[in-house]
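One structure is given below, encoded as structure tokens.
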2 protein chains.
Amino acid sequence: MKNKIQLTVDAVVFGYESGNISVLLVKRKYEPYKDGWALPGGFVFENENLEEAVQRELLEETGVRINYLEQLYTFGDLGRDPRGRVISVAYFGLVKPNAFKLQASTDAKKAEWFNIKKLPKLAFDHKKILKIAIERLQGKITYEPIGFELLDKKFPFSDLEKLYTTLLNREIDRRNFKKKITSLKVLDELDEKVSIGPGRPASLFSFNKKRYFQLKKEGIIFEI
Amino acid sequence: MKNKIQLTVDAVVFGYESGNISVLLVKRKYEPYKDGWALPGGFVFENENLEEAVQRELLEETGVRINYLEQLYTFGDLGRDPRGRVISVAYFGLVKPNAFKLQASTDAKKAEWFNIKKLPKLAFDHKKILKIAIERLQGKITYEPIGFELLDKKFPFSDLEKLYTTLLNREIDRRNFKKKITSLKVLDELDEKVSIGPGRPASLFSFNKKRYFQLKKEGIIFEI
DNA sequence: CATTATATGCGTATAACACACACAAATATA
DNA sequence: TATATTTGTGTGTGTTATACGCATATAATG
């Protein structure tokens, strides 16, 4: 029995910057969907693990390097790829966009961040993949701490608040929010303040890395 | 580029019966791992969706038919299959064991339920797959209602309680548990009682199907 | 320099929920 | 008819969630 099923990986990489959630897309250099926008990704080599494959493709096509990508879902419907039967294992990651200089090569003409509210038409079934990834991203904040990968090393509390309001897409009460975050003991308050524009200067915080990953492992129940 | 990666699906089917959680395994008819126990599953045909493939394999190898299997995870590590590079998409399902007569055929010599605490040695990386499936099963009950697929149509409340104590592997307070379940409005109390053995006869309940699937969709926060 | 706008930072009161806990009711069995 | 066994309910207490008001520290404005 000759196997004609092919395997790809795709990466859904979210970035966050001052109230905007963006996703990393590439412009395809070759058919099918030539010049169309798609999630970075490509065929898995026979001698590499899935995680290695998705990291390699991401680096090749966008210049972004992430050492932790979480598996999202596997898409295998008939007809999802005009080249034939192609199954894709989708991965999921979070980064600070400004930490990378985008650089396209191999199969990609260009790599770019897109605000998730202003997406172009996407190749293959990538719209569906992205939809599921966004749901996962929003769901995550109720059972995991979030922000470490998305915020600067030092940040005012309002940055974290803004991240949550952006992800939740609604206002939250800062006082109660602060109480909850404080009770998690996941933030270290620094002896430093910033003052950008009008208003009282803000203390800077950083994530307590150890505690952060402990909570991530244990899971939290966190309804805002 | 010749593609040598092959794609399989595997099914982790859990059954529950009076305090026992079991999983459905098959005895392999062919090499590799001939006569070894493994999760039901096999190669995906080129012209079928992943869900169709896993349902077909499950039916062929065990006689069990499930129309809803949830995708669990995709396993693709190098060396997980001695036949070469084989990726497996694992699925996850819940049934009442007594609803089926097990019947092995095609690649399976035999199909059998195993108590998850008394598992035989498993082929491939199926031990790892099963471990992840069990974690998922236990995790599920904190964010989804559970039981509809596992209990009889009509059941005494103690059956539901027993299911939870079994899954959680600890005692729960029946009064508080009842309060929570009641507040979810997911059970309909029937005008019927059963009396098995000594003790006060128990009212029978059934799941309110509509409400059950609504909660499943919305998600619940349910710490026992 | 005084006033205003803007953002941060803290505390308290009330409602909802979680959790601990004890005893009555209805049957089978001896 | 007494005993064992199982079902079935209610209340108090502590913790957590939610709502809400005001003081503080700066920049911008006139």
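Chain letters run A, B, ... following the sequence lines, proteins first, then strands; residues in each count from 1.
In the interface, the side chain of A:Lys179 is paired with the base of C:dT12 through a donor and an acceptor atom under 3.5 Å apart. Below the 3.5 angstrom threshold, one finds no donor paired with an acceptor across the side chain of B:Arg175 and the base of D:dG8. With hydrogens and angles ignored, no donor-acceptor pair under 3.5 angstrom links the side chain of B:Arg200 to the base of D:dT6.
Each of A:Ile196 and A:Lys180 was matched to the nucleotide of DNA chain D holding its nearest heavy atom; the match closer to the 5' end belongs to A:Lys180. Of the residues near DNA chain C, A:Pro201 and A:Asn176, the one whose nearest nucleotide (by heavy atom distance) lies more toward the 5' end is A:Pro201.
What separates CZ of A:Phe177 from C1' of D:dA19 is a distance of 17 Å, to the nearest Å. B:Arg174 has its CZ atom 12 Å from the C1' atom of C:dA22, to the nearest Å. Rounded to whole Å, the distance from CD1 on A:Ile172 to P on D:dA19 is 13 Å. One interatomic measurement links the two molecules: NZ of B:Lys162 to P of D:dT5, which rounds to 15 Å at whole-angstrom precision. Protein atom CD1 of B:Ile181 is 15 Å distant from nucleotide atom C1' of C:dC17, rounded to whole Å. Rounded to an integer number of Å, the gap from A:Asp173 CG to C:dC10 P is 15 Å. Counting to the nearest Å, the P atom of D:dT16 and the CD1 atom of A:Ile220 are 15 Å from each other. Here the P atom of nucleotide D:dT7 and the CZ atom of B:Phe155 are 14 Å apart, to the nearest Å.
Between A:Phe92 and A:Tyr73, the gap from one ring centroid to the other reaches at least 6.0 Å.
Geometrically, A:Lys178 engages A:Phe157 in a cation-pi contact, judged by NZ or CZ lying under 6.0 Å from the ring centre and within 45° of the ring axis.
Listed pair B:Ser158 / D:dT7 meets the phosphate criterion, a side-chain N or O lying under 4.0 Å from OP1 or OP2. In this structure, A:Ser203 reaches the C:dG9 phosphate: one of its side-chain N or O atoms is under 4.0 Å from OP1 or OP2.
Ion pairing between a basic and an acidic side chain is recognised when a charged N comes within 4.0 Å of a carboxylate O; A:Asp35 and A:Lys109 show such pairing. Salt-bridge formation is detected for the pair B:Asp173/B:Arg175: a Lys NZ or Arg NE/NH1/NH2 atom is positioned less than 4.0 Å from an Asp or Glu carboxylate oxygen.
Heavy-atom distances under 4.0 Å link DNA chain C to no residue of residues 183-192 of chain A.
Contacts of B:Lys178 with the nucleic acid, taken as non-hydrogen atoms under 4.0 Å apart, involve only primed sugar atoms and P, OP1 or OP2.
Taking the six-membered ring where tryptophan is involved, the planes of B:Phe207 and B:Phe148 are perpendicular, since the angle between them exceeds 60° and thus also 30°.
Evaluated for a side-chain contact (heavy atoms from CB on, under 4.5 Å) with A:Val89, the options A:Val54, A:Val44, A:Val9, A:Asp10 yield exactly one hit, A:Val9.
Comparing C:dT27, D:dT7, D:dG8 by their nearest atom to the side chain of B:Phe157 picks out D:dG8.
Evaluation of the side-chain contact (heavy atoms from CB on, under 4.5 Å) rule for B:Lys121 yields no partner, not counting sequence neighbours.
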